[in-house]
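These notes concern the structure reproduced below.
Every number for a ligand or one of its atoms is a count from 1 in the order of the listing. Keep in mind it's a predicted model, so treat the numbers as computed, not measured.
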Amino acid sequence: MSSHVARVFSGVQPTGNLHLGNYLGAIKNFVALQDTHPCLYCVVDLHAITVFQDPAELRHNTREVAAAFIAAGVDPKQHIIFNQAQVPEHAELAWVLNCVARMGWLNRMTQFKEKAGKDREKASVGLYVYPNLMAADILLYRATHVPVGEDQKQHIELARDIAQKFNNDFDKPDFFPQPEPLIQGPATRVMSLRDGTKKMSKSDPSDLARITMLDTPDEIARKIRKAKTDPDALPDTVSALDARPEAANLLGIYAALADRPLAGVVDEFAGAQFSKLKEELAELATATIGPIGAEMQRLMDDPTGVDAALADGAARARAIADGVMQDVRAAVGFLQTPAP
Ligand code: AQP
């Protein structure tokens, strides 16, 4: 039995084009967890620079992700929202964990292989050790639960392995908890609207592939209208969706936005044409995402409120991180001079 108190941590990169996949896979679940857990939600700017970011855009995108957290319903007073660079202990713990994690473990990470592509020699060293920084983000707060989309499962498993090796290496069996991924809801892997076999992603060259949190109602409706389909009517069982990626994606998005189980949504649209589903999905998406985008826009018009929430959150995050980092330094054997 772990003696650690339950605590939630998760992060989103400020790399622009925040989309429906980020919302349904992560941010919507952040909001739900606030009722049951103390939560820290981080704009992970240190992760973003593993691929070059224009500095002015990085500042803008950092505020935009924080605005998305708040607009979606995260309460920055009851919980903590902050950007990673304001808490330098993330980088400090990441260094220690670089020395705990093994090369062989990182070599298995599929996200690095996908993001580095064929030209692996030209990828930044940061992109390669990204999962160690992610483990540091979580363990710095001894977080026990991490709400993420399906694509992050392998990184959380690595964080568990790193936590366990640290505990074993330094003979402190309960030093770090084993963080649990929370991959929840009917849309844990939202797919591209142009290709139901590809993940919806910020970097897809086609803007039609994703619905962004700042799309206007007209843009949302247009993208759903143009979404790829297949020629058949919608199926009447969930298992039939295995062979129907585009139907699976649109029905999954509908279920997640409506907060309903997928089976009920499949029943409702069984035998209908895609056009009916698209019409109702456009209406639902506009009603649910539209107000969040409008509130994000309002917060971004004068970002002083967002900046204040991030500064206040960083100070409170740092108070937790400082205590854990002192324990880490002591465990590793770093000499610490007490403050005068
Ligand atoms: N398509 C998705 N479906 C469900 N969840 C998703 N997430 C990302 N894409 C989907 C979840 O969103 C959270 C924040 O992700 P991130 O900021 O780390 O961004 P990312 O994974 O780099 O986003 P993209 O869109 O996948 O970017 P690129 O274009 O770089 O590949 C995470 O919890 C993630 O699981």
Side-chain angles (χ1 to χ4, degrees), residues 8-33 39-53 57-58 61-62 64-69 72 74 81 83-84 109-117 123-124 126-127 130-131 133-135 137-138 143 145-159 179-207 209-214 223 227 245-246 248-250 252-253 255-257 289:
V8 166
F9 177 94
S10 193
V12 174
Q13 295 190 71
T15 38
N17 287 338
L18 199 65
H19 54 70
L20 189 63
N22 300 129
Y23 176 66
L24 293 178
I27 300 171
K28 190 170 193 284
N29 297 328
F30 296 0
V31 178
L33 284 161
C39 303
L40 292 113
Y41 296 127
C42 186
V43 187
V44 288
D45 41 16
L46 301 186
H47 283 276
I49 63 161
T50 54
V51 174
F52 181 78
Q53 304 295 318
E57 276 178 33
L58 181 62
N61 292 335
T62 299
E64 195 168 278
V65 173
F69 291 170
V74 173
I81 70 166
N83 62 302
Q84 202 181 14
M109 296 296 111
T110 53
Q111 191 182 74
F112 175 75
K113 289 177 197 161
E114 280 159 20
K115 290 206 170 172
S124 75
L127 190 66
Y130 176 117
L133 176 60
M134 182 163 156
D137 299 338
I138 299 164
H145 296 86
V146 189
V148 283
E150 232 273 320
D151 58 319
Q152 291 299 327
K153 187 163 178 245
Q154 194 184 33
H155 289 164
I156 311 280
E157 280 160 4
L158 181 83
E180 303 248 356
L182 295 177
I183 300 171
Q184 289 172 332
T188 56
R189 189 174 176 83
V190 176
M191 308 308 273
S192 156
L193 297 181
R194 304 302 293 163
D195 176 351
T197 63
K198 256 177 55 189
K199 192 172 82 99
M200 183 178 284
S201 124
K202 294 168 180 158
S203 57
D204 195 310
S206 167
D207 198 39
R210 64 184 157 256
I211 292 174
T212 77
M213 299 304 290
L214 289 171
K223 288 177 180 179
E246 281 79 23
N249 194 33
L250 295 180
I253 293 172
L257 286 174
I289 302 296

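Near Thr188, the atoms of ligand 1 lying under 4.0 angstrom from a non-hydrogen atom of the residue are 3 (N), 4 (C), 5 (N). The distance from ligand 1 to the heavy atoms of Val148 drops below 4.0 Å at these ligand atoms: 33 (O). When each atom of ligand 1 is checked for a heavy atom of Ala26 under 4.0 Å away, the hits are 12 (O), 13 (C), 33 (O). Every atom of ligand 1 with a heavy atom of Gly25 under 4.0 Å away is listed here by number and element: 4 (C), 5 (N).
For Val44, no heavy-atom contact with ligand 1 is shorter than 4.0 Å. With a heavy-atom cut-off of 4.0 Å, Lys115 touches ligand 1 through its side chain alone. With a 4.0 Å cut-off on non-hydrogen atoms, Gln13 touches ligand 1 through its backbone as well as its side chain.
Side-chain atoms of Lys202 come within 3.5 Å of backbone atoms of Gln13 as a donor-acceptor pair (strictly under, hydrogens ignored). Formation of a donor-acceptor pair under 3.5 Å by the Asn249 side chain with backbone atoms of Met191 is found in this model.
Shortest non-hydrogen contact noted between Ala116 and Leu127 is N-CD2, 4.1 Å.
At the shortest separation from atom 35 (O) of ligand 1 among protein heavy atoms lies Asp151 OD1, 2.5 Å.
Relative ring orientation between Tyr130 and His155 is described as tilted, the plane-to-plane angle lying within the 30° to 60° band.
Distances from ligand 1 to the non-hydrogen atoms of His19 include at least one value under 4.0 Å.
Side-chain atoms of Asp137 and His47 form a donor-acceptor pair, as typed in the model, at a separation below 3.5 Å.
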